[in-house]
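Have a look at the structure below before the remarks.
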Amino acid sequence: MPFRKDFLWGFATASAQIEGGGAESEAASGRGPSIWDKYCETPGKIEDGSHVNKTCAHLDNYKEDVALLAKLGVNSYRFSISWPRIIPKGGRNDPVNEKGLQFYDNLIDELLKYNIKPMITLYHWDLPQELQDRYGGWLNQEEIVKDYTHYAKLCFERYGDRCKLWLTFNEPWCVAAHGHYHGKFAPGHTSDTEPWIVGHSLLIAHATAAKLYLSDFKPTQKGIIGITLNGDWTEPYDDSPENVKAAQNKMDAAVGWFADPIYLGHYPESMKEMLGDRLPEFTPAELELLKDSSEFFGANTYTTNIVQAGGTDEAAGKAKLGFVTKDGETIGWESSMDWHRAVPWGVRKYITYLWNRYQKPIYITENGYPTPGESSIPKDQAIHDDLRVKFYDGYLTNLRDAVEQDGVDLRSYFAWSFLDNFEWNSGLIPRFGCVYTDYETFERTPKDSAYWLGKFFKENITA
Ligand code: BGC
């Protein structure tokens, strides 16, 4: 078997994307509003006008969902905790919502009943709105680090006896870049200074909470903690020095922005050159805090880009991203989202790059595919998702080769996603799920890909 005995196989989700069962159910649950509630209520922000409070009703159906995960054969499940569900106003002096705390107790207990290991993401983008209003959210490093660490500590205390796998943040790049530069995600800012301030706060919040776990909880709870970053392989358009540099600049601006400080102790040079004094500097104390703050490399990866020099997007290192090679060939095959084409060979190059550069065990925490046209066809057709099966088959084959032939230390694979769900500013239109969600009845129907992956997982679970 190429994969480790203790390899984690499962599906991933996030609180804001699946929990909501409608305004009434959410109000009764005591969850406070997150920045995504406000964003959904701002006209024109969500493509289909859907609202984060009505998604898959997982809150009301978690037992059925866990039973389905068990039936499919996973040995692990990655989900996130909604900060405003357990501390509705978010702050360190604000009251907790016992009902919310209890929900995650129940979910964890249900998973453990089936021997499914929980992996918890502490922050998958649903910041309590109150903290945004009170002091500007991630823009206020001093305040947010204290509040986030208080929230993280509450989770370690409450769930750490049963949860041994922790992620501080999901994709800080999206929070900083889509939230504060492109204005595509809540809170919807478009600034050319804020993203790097936000990024700095996210790094320090990550490191402060992780170090707290490592010193005060790990010795007794014996879990692991890290951060998960989004990134995709960047293939230079040709071997001209400017395009090779552009590909590296994109990698630096997307992945290195967070990974280099954590694993290598500094921001990437190319970002310093590009941003000058818009990129904050680390104090010696911050660098010390960041050092050894992530025990592994958490990787979310979806696609591959052909990269040329001459772009303008600073969040992409001013690289120009495309999918067409210099020979005029379009790589991979299309999905329902313009940024995503399925390119199986790219994933092997990407994780080999991460392994060589950062030398940390790699946990793939997301990988998935939204099949084109799936939202406009009836369920009985959508569940036969051949292209998604082809995607998983291709990506997993390449990951196996990376392990077997390139020596990459790979330890988990979580498919994104378990259910069709709320795809942020695209609303309920893209369907990333291996299980079909009927948004009227909340009925779940596994697609062919769910059974295909379940079989693959079962064949590879050896411990
Ligand atoms: C995020 C998910 C999202 C997925 C597909 C990742 O960026 O972590 O929340 O649904 O990609 O776009």
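Here the structure is a predicted model, which is why all the values come from computation and not from measurement. Note that ligands are numbered from 1 as they come in the structure, with each ligand's atoms numbered from 1 the same way.
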Salt bridge Arg411-Asp409, side-chain N to carboxylate O under 4.0 Å = yes
Name all residues meeting the side-chain hydrogen bond (donor to acceptor under 3.5 Å, both in side chains) criterion together with Tyr302; count only those two or more places apart in sequence or in a different chain, and write none if there are none.
-> Glu366
Who pairs with Phe456 by ring-ring contact (aromatic ring centres under 6.0 Å, His included), at least two apart in sequence or on another chain?
-> Trp9, Trp452
When you check the gap from the basic side-chain N to the acidic O, do Glu194 and Arg278 get nearer than 4.0 Å?
-> no
Under 3.5 Å, N/O to N/O: give me all the pairs between ligand 1 and the protein, one per line with atom names and distance.
{"residue": "ligand 1", "atom": "7 (O)", "partner": "Glu171", "partner atom": "OE1", "Å": "2.5"}
{"residue": "ligand 1", "atom": "7 (O)", "partner": "Glu171", "partner atom": "OE2", "Å": "3.0"}
{"residue": "ligand 1", "atom": "8 (O)", "partner": "His124", "partner atom": "NE2", "Å": "3.2"}
{"residue": "ligand 1", "atom": "8 (O)", "partner": "Asn170", "partner atom": "ND2", "Å": "2.9"}
{"residue": "ligand 1", "atom": "8 (O)", "partner": "Glu171", "partner atom": "OE2", "Å": "3.4"}
{"residue": "ligand 1", "atom": "8 (O)", "partner": "Glu366", "partner atom": "OE1", "Å": "3.0"}
{"residue": "ligand 1", "atom": "8 (O)", "partner": "Glu366", "partner atom": "OE2", "Å": "2.8"}
{"residue": "ligand 1", "atom": "9 (O)", "partner": "Gln17", "partner atom": "OE1", "Å": "2.8"}
{"residue": "ligand 1", "atom": "9 (O)", "partner": "His124", "partner atom": "NE2", "Å": "2.9"}
{"residue": "ligand 1", "atom": "9 (O)", "partner": "Trp424", "partner atom": "NE1", "Å": "2.9"}
{"residue": "ligand 1", "atom": "10 (O)", "partner": "Gln17", "partner atom": "NE2", "Å": "2.9"}
{"residue": "ligand 1", "atom": "10 (O)", "partner": "Trp416", "partner atom": "NE1", "Å": "3.2"}
{"residue": "ligand 1", "atom": "10 (O)", "partner": "Glu423", "partner atom": "OE1", "Å": "2.6"}
{"residue": "ligand 1", "atom": "11 (O)", "partner": "Tyr302", "partner atom": "OH", "Å": "3.3"}
{"residue": "ligand 1", "atom": "11 (O)", "partner": "Glu366", "partner atom": "OE1", "Å": "3.4"}
{"residue": "ligand 1", "atom": "12 (O)", "partner": "Glu423", "partner atom": "OE2", "Å": "2.6"}

Qualifying salt bridge (charged side-chain N to carboxylate O under 4.0 Å, His left out) pairs with a residue from residues 331-341, counting only residues at least two apart or across chains | none
Would you call Glu26-Arg85 a salt bridge at under 4.0 Å N-O?
-> yes
